[in-house]
Amino acid sequence: MMKVRTIFLSDIHLGTRGCQAERLLEFLRTHEAEQLFLVGDIIDFWAMKRSIHWTPAQNTVVQKILRRARHGEQVMLIPGNHDEALREYHNVAFGDILVANEHVHIAADGRRYLVIHGDEFDQVTRHHRWLAVLGDVGYNLLVRANVWVAWLRRTFGIADYWSLAGYAKRRVKRAVSFIFDFEDAVMHAVRERGLDGVICGHIHSAAIKDVEGMTYINCGDWVDSCTAIVEHMDGRMELLHSWQPVAMQAANDEGEQDFATLASK
């Protein structure tokens with residue numbers, strides 16, 4: 001069991017086939033914290049309008065988070081665009097979980113981080129909702145195609161996992177980032193507020209990087225990368241990768257993965 005000061009998770013997308021709930025449960029069982037931040041797109045209401053896929057493992061994720069909150073762990077939910085309906089409940093607590101649209105987290109070393117999902121800095125999501133929804137559907141089709149790609153790779157003895165949807169997402173995201181520059185927009189806001197950094201999600205691309213003396217941190221997701229950010233007791237931030245090919249292999253063997261978000265996340 002690893003004991004850390006804070007855990008940051010984003011883009012779990014409960015309610016979809018793409019959600020790697022089993023992998024997240026393994027992570028939660030082996031990481032104890034004083035604080036837990038759920039940084040948006042925890043429940044995918046967008047996808048659930050089309051179809052709902054809620055597994056026992058996903059139910060266990062919710063129960064485990066609620067249990068941690070009851071046992072004294074400070075849990076805060078910061079809604080994203082896929083669970084934006086929860087933004088109406090800013091500063092309201094549900095089962096010892098506080099909902100807040102954003103938060104300034106003071107790390108153990110005194111550095112101050114803006115904790116926010118980040119969709120407000122995505123020009124596609126803000127101003128071109130129809131394109132975001134179209135990307136949602138397109139990514140859903142690519143994830144379904146992953147089943148056949150995985151089968152072909154296993155048939156030809158290629159053991160390592162490779163995601164068609166993840167590859168397409170990264171390629172398209174590069175183009176979107178080139179035009180709209182998500183990271184720069186986020187860091188500009190952080191600079192204006194006199195903070196030391198940001199901890200966000202939204203684009204499903206985990207990272208910790210220095211940007212002109214400030215720190216950009218993205219939690220990643222629990223669909224493709226299965227990543228989390230942890231703050232150690234001394235304030236040091238670390239990106240943890242929980243992905244193992246066997247997880248996706250098991251998901252593919254079940255049949256199909258149904259999840260969405262391309263330019264939309």
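Predicted model, so just to flag it, every value in this text is computed and none were measured.
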Any side-chain heavy-atom pair from Thr6 and His105 closer than 4.5 angstrom?
yes

CZ/Phe45: more than 12 non-hydrogen atoms of other groups inside 6.0 Å:
yes

Hey, does Asp196 have a side-chain heavy atom less than 4.5 Å from the side chain of Tyr113?
no

Is the NE2 atom of His90 crowded by more than 12 outside heavy atoms at less than 6.0 Å?
yes

Would you call Arg67 and Ile65 a side-chain contact if the rule is heavy atoms closer than 4.5 Å?
no

Using side-chain hydrogen bond (donor to acceptor under 3.5 Å, both in side chains) as the criterion, point out the one residue from Lys3, Arg5, Glu238 that pairs with His232.
Glu238

Heavy-atom neighbours of Ile106 CD1 exceed 12 at 6.0 Å
no

Please tell me if the side chains of Arg236 and Glu231 come closer than 4.5 Å, counting only heavy atoms from C-beta onward.
no

Within a 6.0 Å radius of atom CD on Gln63, are there more than 12 heavy atoms belonging to other residues, nucleotides or ligands?
yes

Side-chain heavy atoms of Leu9 within contact of Leu36, under 4.5 Å
yes

Quick one: does Leu24's side chain get under 4.5 Å of Cys226's, heavy atoms only?
no

Check ion pair Glu32-Arg68 (N to O, under 4.0 angstrom)
no

Quick one, Ile229 and Leu240 - any side-chain contact, counting heavy atoms below 4.5 Å?
no

What's the verdict on side-chain contact (heavy atoms from CB on, under 4.5 Å) for Met1 and Arg29, showing C-alpha distance, side-chain angles and the deciding distance?
CA-CA 8 Å; Met1 172 73 71; Arg29 290 186 186 111; 5.9 Å; no

Test side-chain contact (heavy atoms from CB on, under 4.5 Å) applied to Val198 and Val190, Val211, Thr215, the passing residue
Val190

Taking the side chain as every heavy atom from C-beta outward, state whether Leu14 and Val62 have any atom pair closer than 4.5 Å.
yes

Measuring from atom NZ of Lys209 to atom CE of Met187, what distance do you get when rounded to the nearest 0.5 angstrom?
10.0 Å

Cluster check Val75, Val61: I/L/V/M/F/W/Y, side chain < 4.5 angstrom:
yes

If you measure from the Lys or Arg side-chain nitrogens to the Asp or Glu carboxylate oxygens, is any gap between Arg23 and Glu26 under 4.0 Å?
yes

Is there a continuous path of hydrophobic side-chain contacts, each under 4.5 Å between heavy atoms, that joins Ile199 to Val99?
no

Ring-plane angle category for Phe37 and Phe8, please: parallel below 30°, perpendicular beyond 60°, tilted otherwise.
parallel

Among Arg87, His117, Glu120, exactly one meets side-chain hydrogen bond (donor to acceptor under 3.5 Å, both in side chains) together with Asn81. Which residue is that?
His117

Measure the acute angle between the ring planes of His82 and Trp46, then classify it against the limits of 30° and 60° as parallel, tilted or perpendicular.
tilted

